Protein chains: 2
Amino acid sequence: MARTIGVIGDRWTLLILRECFLRARRFEGFQSALGITRHLLAERLKKLVRQGVLRRIPYQESPKRHEYILTQKGLDLYPIMMALVHWGDTHMVDERGRPLLHEHRKCGKMFDPVMVCSECGEPLSAKEVQVHPRPGARPALENASLERRRQAA
Amino acid sequence: MARTIGVIGDRWTLLILRECFLRARRFEGFQSALGITRHLLAERLKKLVRQGVLRRIPYQESPKRHEYILTQKGLDLYPIMMALVHWGDTHMVDERGRPLLHEHRKCGKMFDPVMVCSECGEPLSAKEVQVHPRPGARPALENASLERRRQAA
DNA sequence: TCGTACCGTTCTAAAATTGAACTGTCAAAT
DNA sequence: ATTTGACAGTTCAATTTTAGAACGGTACGA
């Protein structure tokens, strides 16, 4: 998770990627849609290209112009986007309701995203999940008072 | 999505919440697990409490001490967490492999999270989803060259 | 020739973050 | 009785990031 946050964990990157999913491709498009400063936009696009989330494709020579296109790695961010949108729709709406609805072309209905278990297909919740650290993982956090009691014993 | 990012869209907040899901509850626990500066940690915890993601519960008087517990609103961030973790596991692993495995208590198996359509249960991908703006939504972005051509016509 | 679209870069001021030290209460150890 | 350490912050100077605005350069159409 820390590594993912290293890629998309700042105030603008996720919004830039949202525009990608909404079909933005060019510098000016991002800039006017988001109101981000041109400086930061250039910076962030470079970073995303370096990290393999976007690809920079020339679409004309002289002056050189490029479009920024999602790679597969970038497209794979879709569940994150949907999860963010859905949480906002659930907990941060105002009187006007949610700004967008999503239609699933396969079944033709308006839907919400649901996160399920890859093995049994049941919806997931935090309490039903047991975490198993693997070698190399950061040691688990101990409850401080438990810690003290154990040392005392 | 912008509103969700307003809540969790900075370099530390998501990591703090990860620790909450891993059972951290107290200031010192967060601080030593993350190496965040105490200043920022205090700031972020306050913000999360203000936004209703965490609740501040006293667990002793004199000196006053509190634990930070996820509210339902906070627990509902779980799909976002899992989506972030899974993307990292897929695209950002090094030789040591993924740091954690997740077991689904209901079915007893190690699993990955999958995002599916609430209506038909099929896995989602960006291309299968059609977006429908609702009144009040920001106007959709036009492709710049299309825009020009239309004005020219 | 002028205005405009496009894609950046450069610069300074403002804001956020870091790093380190400091405050203060209480419990346990010496 | 005094020291030590856990705990939960607050304060402050130094550094890093971000915002805001202007500037540079190519090309196209009127």
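Here is the naming used below: chain letters follow the sequence lines, and residue numbers restart at 1 for every chain. Side chains included, hydrogens not; waters and symmetry mates left out as well; all remaining heavy atoms used. Because the structure is predicted, anything quoted here is derived from the model rather than measured.
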Choose from D:dG9, C:dG8, C:dC6 the nucleotide whose nearest atom is closest to any side-chain atom of A:R38. C:dG8
Not counting sequence neighbours, which residues clear ring pair (Phe, Tyr, Trp, His ring centres under 6.0 Å) with A:H104? List them please. A:F111
Under 3.5 Å, is there any donor-acceptor pair linking the side chain of B:R65 to the base of D:dC7? yes
Mind calculating the distance between CD1 (A:I16) and P (D:dT18) to the nearest angstrom? 11 Å
With respect to the phosphate group of C:dC7, does any side-chain polar atom (N or O) of A:Y68 fall under 4.0 Å of OP1 or OP2? no
Side chains of B:R38 and B:F27: closer than 4.5 Å at any heavy-atom pair? yes
Do the side-chain N or O atoms of A:K46 get closer than 4.0 angstrom to the phosphate oxygens (OP1, OP2) of C:dT9? yes
Could you verify whether a donor N or O on one side chain and an acceptor N or O on the other, from A:R56 and A:Y68, lie under 3.5 Å apart? yes
Does B:T37 reach a base, just sugar-phosphate, or nothing at all? Heavy atoms under 4.0 Å. base
Given D:dT18, C:dT10, C:dG8, the nucleotide with the shortest approach to the side chain of A:L40: D:dT18
Taking A:W87 for its side chain and B:Y78 for its backbone only, find out whether a donor-acceptor pair lies under 3.5 Å. no
For D:dT18, does OP1 or OP2 lie under 4.0 Å from any side-chain N or O of A:R44? yes
CG of A:D10 versus P of C:dT17: gap in Å, rounded? 11 Å
With DNA chain D as reference, determine whether A:E61 or A:I36 sits nearer its 5' end, using the nearest nucleotide of each. A:I36
Tell me whether the OP1 or OP2 atom of C:dG8 has a side-chain N or O from A:R56 closer than 4.0 Å. yes
For atom CG of A:L41 and atom C1' of D:dA21, their distance in whole Å: 16 Å
Count I, L, V, M, F, W, Y as connected when their side-chain heavy atoms are under 4.5 Å apart, and connections chain through other members. Are B:L75 and B:V7 then in the same cluster? yes
Euclidean distance, atom CG of residue B:L15 to atom P of C:dT18 [Å, nearest integer]: 11 Å
In whole angstrom, give the distance that lies between atom CD of A:Q60 and atom P of D:dT26. 14 Å
Nearest nucleotide by nearest heavy atom, which residue falls closer to the 5' end of DNA chain D, B:K64 or A:G35? B:K64
Length of the line joining B:K47:NZ and C:dA16:P, which is rounded to integer Å: 10 Å
Consider the side chain of A:E28, meaning its heavy atoms from C-beta on, and name the nucleotide among C:dG8, C:dG19, C:dC7 that approaches it most closely. C:dC7
Ring pair (Phe, Tyr, Trp, His ring centres under 6.0 Å) filter on B:W12, not counting sequence neighbours, yields none
Ignoring hydrogens and angles, does a donor from either the side chain of B:R26 or the base of D:dA8 sit under 3.5 Å from an acceptor on the other? no
Between D:dA19, D:dA22, D:dG9, which nucleotide has the shortest distance from any of its atoms to the side chain of B:F27? D:dG9
Protein-nucleotide distance (A:L45, atom CG; C:dT9, atom P), rounded to Å: 10 Å
Any A:W12 side-chain N or O less than 4.0 Å from OP1/OP2 of D:dA19: yes
Once you round it to whole Å, what is the distance between C1' of D:dC12 and NE2 of B:H39? 9 Å
